[in-house]
**Q** 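Got a structure for you, questions after.
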2 protein chains.
Amino acid sequence: MDNEFTARRAVTVADVARAAQVSKAAAARALGGYGSVSDAVKQRVLEAAGRLDYRPNELARTMATGRSGTIGVIVGDIENPFFGSAVRGISDLAAASGFDVILSNSSETPSAEKASTRVFLAKRVDGLIVAPATMHDGAHLADALGQGCPLVLLDRDVPGLPVDVALIDDQAAAREATGLLIASGHRRLAYITATSVVDGRYSDTGQIVLTTVQNRIAGFREAAAAAGLAESDLRIRLGASTTAQSQEILLELLRAPDRPTAILSSDSKIALEVFRAARAVGLAVPRDLSLITFDDAGWTSAVSPTVTVVSQPSYRLGYAAARMLIERIGGDKSAPRRCVLETALIRRESVSPPIAADAVEGRARTP
Amino acid sequence: MDNEFTARRAVTVADVARAAQVSKAAAARALGGYGSVSDAVKQRVLEAAGRLDYRPNELARTMATGRSGTIGVIVGDIENPFFGSAVRGISDLAAASGFDVILSNSSETPSAEKASTRVFLAKRVDGLIVAPATMHDGAHLADALGQGCPLVLLDRDVPGLPVDVALIDDQAAAREATGLLIASGHRRLAYITATSVVDGRYSDTGQIVLTTVQNRIAGFREAAAAAGLAESDLRIRLGASTTAQSQEILLELLRAPDRPTAILSSDSKIALEVFRAARAVGLAVPRDLSLITFDDAGWTSAVSPTVTVVSQPSYRLGYAAARMLIERIGGDKSAPRRCVLETALIRRESVSPPIAADAVEGRARTP
DNA sequence: TTGAAAGCGCTACCAC
DNA sequence: GTGGTAGCGCTTTCAA
């Protein structure tokens with residue numbers, strides 16, 4: 001049974017050296033491309049390596065050098081297209097710079113994120129890119145830093161952690177989107193987001209674990225305040241993580257007599273749920289309900305009506321994070337940087353003025 | 001500047017042993033949880049480890065044991081929700097079984113896939129799960145096998161490679177979906193897929209590099225043949241990988257006088273393009289054009305019209321692949337297995353009978 | 001340029 | 001149960 005699919009002992013530098021009749025050190029130098037080797041020896045070694053089908057053991061190399069040529073990435077949910085695209089941005093630059101990427105999913109769970117951090121550190125990654133699941137616990141991240149492992153935060157910030165971050169200006173983006181809704185004549189507005197909380201009702205900021213969510217809500221309220229809307233005109237709902245949760249929240253909202261006439265949704269999955277809920281209660285978008293969502297998902301520009309979105313540069317965010325990290329790995333010791341990328345409000349068909357019955361109050365105020 | 005964020009030399013078993021006043025071997029046993037150690041020593045060692053903040057070096061462990069506790073996964077496109085979900089299936093079982101997952105994106109490119117395979121082997125992964133970018137070149141995969149690295153194929157097969165595979169019955173799925181179209185009265189049918197080819201026109205099977213595509217086309221033609229449709233009623237188009245390519249293909253198809261009245265799309269991204277193209281030429285779904293797509297993407301059940309889909313058990317596919325791989329890693333030497341998972345045809349609103357003008361020929365044939 | 005030998009941090013085997 | 005010690009495969013001084 002010694003066919004071509006049977007395992008055989010791996011061939012090492014020592015084997016190659018013996019076959020090429022040179023010392024182990026010489027063979028290692030020729031194979032590793034460092035130090036100085038005569039052309040003659042190099043020839044012999046390379047020939048022998050080819051003949052024996054030698055494959056370097058990256059692990060042994062890492063142990064000896066301390067560098068693994070690998071960067072670890074931890075995101076909340078790889079199924080989320082936002083992260084999928086960010087990861088591709090990271091991978092592309094990493095590959096071009098000679099780094100491998102190893103990826104882990106935290107499922108937006110701080111404990112899983114901690115475990116992954118530990119594993120990556122144990123595997124001696126050269127650096128870490130993390131989209132932290134919470135802004136409240138950065139101990140494991142500070143820890144990585146403490147061990148001398150460069151770290152860059154992606155999309156979300158952890159206040160107090162002195163590291164590079166690549167993110168967007170969520171507050172400004174939400175403010176602009178909300179402004180568009182208000183400019184279209186809406187005054188009863190809702191903001192729906194997926195962050196996990198004790199109680200879906202927005203009560204105090206203490207519940208929020210993500211800086212992105214915090215900032216978007218701030219932008220939402222800021223725009224409302226600037227337009228003179230009352231707090232009571234605003235519906236802020238957290239906890240729309242699953243279809244069931246989203247429907248519960250949305251149906252309650254849309255069935256109320258003073259239902260919102262416009263919704264700002266924090267991701268495209270929730271926007272989908274808005275369509276579903278609107279259909280369930282017999283509301284048409286945008287005639288009865290206007291909608292803007294974060295994330296320029298593919299379907300938003302293909303379906304009817306096409307949906308107005310806040311487009312986030314996810315690929316470039318990943319790319320920027322990788323760029324900063326690789327600079328740090330290269331020895332850059334400068335002060336932590338914030339790389340803030342631009343979003344774009346793409347106007348499509350899902351926003352229109354509220355119909356008379358719904359807007360009556362609003363009209364009275366703006367004659 | 002010796003603050004908490006400054007790198008310090010990593011603490012090793014030797015350090016812990018010294019601090020606990022025991023031998024290196026004893027400390028290693030206590031820390032590694034193998035061999036036998038007295039409770040007293042164990043206590044002391046663990047205490048010292050905690051005090052010194054000892055972290056095991058996974059790399060050194062791997063070198064010594066030969067096992068890395070890591071499985072490598074290579075998929076074509078992590079942004080594709082199908083793979084995203086499959087990867088989660090893999091990760092979930094892997095984590096539960098004590099394995100880490102490292103992921104790589106081949107961008108559907110055989111050369112990138114080869115490079116990733118090499119890297120993973122060099123990193124000494126315990127096993128590999130690959131969604132091969134081509135069925136025509138499995139040398140690097142046979143190679144992995146040859147080195148004794150267990151391998152499981154995901155979603156796509158490589159004929160001739162004696163390995164476990166986890167996939168769906170693409171041919172049956174396509175046959176069933178096509179059957180539904182035909183049963184609804186359609187007779188001019190198109191199948192659109194994203195595989196890369198020299199020429200977008202379907203000419204011969206030699207162009208096709210993916211078994212999935214091959215099998216789906218076979219099922220499509222099979223159903224058509226069974227219903228007595230002529231080859232000339234069928235439009236098979238390959239190469240719809242980008243928006244531009246898809247639009248070119250679709251617009252040409254839909255503007256033709258004998259345009260298809262129903263389309264079977266091989267993934268949800270293409271289905272989106274169908275909506276876009278239909279809108280561009282003024283065709284309404286499903287009144288003027290029926291549509292079924294592979295992939296039960298979230299948006300397909302939320303937009304109007306909801307779309308009829310072939311739902312693939314992507315999560316379970318990943319889970320099954322991981323299960324087989326872990327069994328192999330555990331030493332299972334039995335013959336290669338094929339794990340074929342069920343698809344489901346979910347009927348929604350995007351399929352209806354063709355309108356009279358389009359169906360005239362068809363009606364004449366089936367009075 | 002070349003070779004011998006000392007690690008990298010851990011496991012595993014073997015006496016005691 | 002415990003301690004010594006020989007590797008795992010590679011890099012990296014350091015003499016020659």
Side-chain angles (χ1 to χ4, degrees), chain A residues 7-46 48-49 52-70 119 121-126 147-148, chain B residues 7-46 48-49 52-70 119 121-126 147-148:
Chain A
R8 44 184 186 271
R9 202 186 118 284
V11 3
T12 73
V13 273
D15 298 321
V16 176
R18 203 172 309 118
Q21 318 228 48
V22 297
S23 75
K24 207 179 95 178
R29 278 190 288 256
L31 260 12
Y34 59 92
S36 44
V37 222
S38 67
D39 282 347
V41 170
K42 192 166 202 166
Q43 284 285 311
R44 285 226 305 287
V45 171
L46 262 28
L52 297 182
D53 193 26
Y54 165 79
R55 322 287 182 90
N57 182 330
E58 215 56 61
L59 247 51
R61 181 169 292 169
T62 300
M63 272 219 20
T65 60
R67 283 166 281 112
S68 64
T70 302
V119 169
L121 252 26
K123 283 196 191 305
R124 296 300 190 264
V125 294
D126 288 342
Q147 289 187 41
Chain B
R8 42 184 188 272
R9 200 185 120 286
V11 4
T12 73
V13 272
D15 299 320
V16 175
R18 203 173 309 119
Q21 319 227 48
V22 298
S23 75
K24 205 181 97 178
R29 277 190 291 256
L31 261 12
Y34 60 94
S36 41
V37 220
S38 66
D39 281 348
V41 171
K42 192 167 202 167
Q43 284 285 310
R44 287 226 305 287
V45 171
L46 262 29
L52 297 182
D53 193 27
Y54 165 79
R55 321 289 183 89
N57 182 330
E58 214 56 62
L59 249 51
R61 181 170 292 168
T62 299
M63 274 214 39
T65 61
R67 283 166 281 115
S68 63
T70 302
V119 169
L121 289 178
K123 284 197 189 304
R124 296 301 191 261
V125 294
D126 289 342
Q147 289 188 42

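Below, read A as the first sequence line, B as the second, and so on, with proteins coming before strands; counting in each chain starts at 1.
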**Q** Rounded to the nearest 0.5 Å, what separates atom CZ in A:Arg124 from atom OG1 in A:Thr65?
**A**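 Going from CZ on A:Arg124 over to OG1 on A:Thr65, the span is 12.0 Å.
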
**Q** Identify whether any heavy atom of A:Ala26 sits under 4.0 Å from a base atom; if not, whether one sits that close to sugar-phosphate; answer base, sugar-phosphate or nothing.
**A**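 Result for A:Ala26 = sugar-phosphate.
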
**Q** Identify, between A:Met63 and A:Gly35, the residue whose nearest nucleotide on DNA chain C lies closer to the 5' end.
**A**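 With A:Met63 and A:Gly35 compared, the 5'-side residue is A:Gly35.
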
**Q** Given atom OH of A:Tyr34 and atom C1' of D:dG9, what is their separation to the nearest angstrom?
**A**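 Atom OH in A:Tyr34 sits about 11 Å away from atom C1' in D:dG9.
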
**Q** Taking 4.0 Å as the cut-off, does a side-chain nitrogen or oxygen of B:Ser36 come that near to OP1 or OP2 on D:dG1?
**A**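 The answer is yes; a side-chain N or O of B:Ser36 sits under 4.0 Å from OP1 or OP2.
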
**Q** Can you measure B:Leu59 atom CG to D:dT11 atom C1' for me and round it to whole angstrom units?
**A**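 So the two atoms are 14 Å apart, to the nearest Å.
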
**Q** State plainly whether the residues B:Lys42 and B:Asp39 are in salt-bridge range, i.e. N to O under 4.0 Å.
**A**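 Here B:Lys42 does not pair with B:Asp39 in a salt bridge, since their nearest N and O are not under 4.0 Å apart.
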
**Q** Under a 4.5 Å cut-off applied to non-hydrogen side-chain atoms, are A:Val16 and A:Val13 in contact?
**A**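 A side-chain contact under 4.5 Å is absent here.
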
**Q** With rounding to the nearest 0.5 Å, note down the distance linking NZ in A:Lys123 to OG1 in A:Thr62.
**A**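 Going from NZ on A:Lys123 over to OG1 on A:Thr62, the span is 11.0 Å.
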
**Q** Has the side chain of B:Arg29 got a donor or acceptor that lies under 3.5 Å from a partner of the other kind on the base of D:dG3?
**A**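 It does, because a donor-acceptor pair links the side chain of B:Arg29 to the base of D:dG3 below 3.5 Å.
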
**Q** Write down the distance between CG (B:Asp39) and C1' (D:dT2), rounded to a whole number of angstrom.
**A**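 These atoms are roughly 15 Å apart.
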
**Q** As an exercise, state the distance from CD of B:Glu58 to CG of A:Leu59, rounded to the nearest 0.5 Å.
**A**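 B:Glu58 CD to A:Leu59 CG: 10.0 Å, rounded to 0.5 Å.
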
**Q** I'd like the 5' and 3' limits of the part of DNA chain C contacted by chain B, with heavy-atom contacts below 4.0 Å.
**A**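 For DNA chain C, the relevant span reads C:dG9 to C:dC13.
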
**Q** What are the two closest non-hydrogen atoms of A:Asp15 and A:Leu52, and how far apart are they?
**A**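 That would be O-CD1, 3.9 Å.
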
**Q** A side-chain contact here means heavy atoms from C-beta on lying under 4.5 Å apart; do A:Val45 and A:Leu31 qualify?
**A**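 They are in side-chain contact.
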
**Q** Quick check: on DNA chain D, is the nucleotide nearest B:Arg124 upstream (toward 5') of the one nearest B:Gln21, or the reverse? Name the residue that is more 5'.
**A**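 Going by which nucleotide is closer to the 5' end, it is B:Gln21.
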
**Q** Whole angstrom is fine here: how far is it from CZ in B:Arg44 over to C1' in D:dG1?
**A**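 Nearest whole value for this atom pair: 13 Å.
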
**Q** Scan B:Ser38 against the nucleic acid and name what it touches under 4.0 Å (heavy atoms): base, sugar-phosphate only, or nothing.
**A**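 Sugar-phosphate, backbone atoms only, no base.
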
**Q** CG of A:Leu31 versus C1' of D:dT12: gap in Å, rounded?
**A**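 Whole-Å distance recorded here is 16 Å.
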
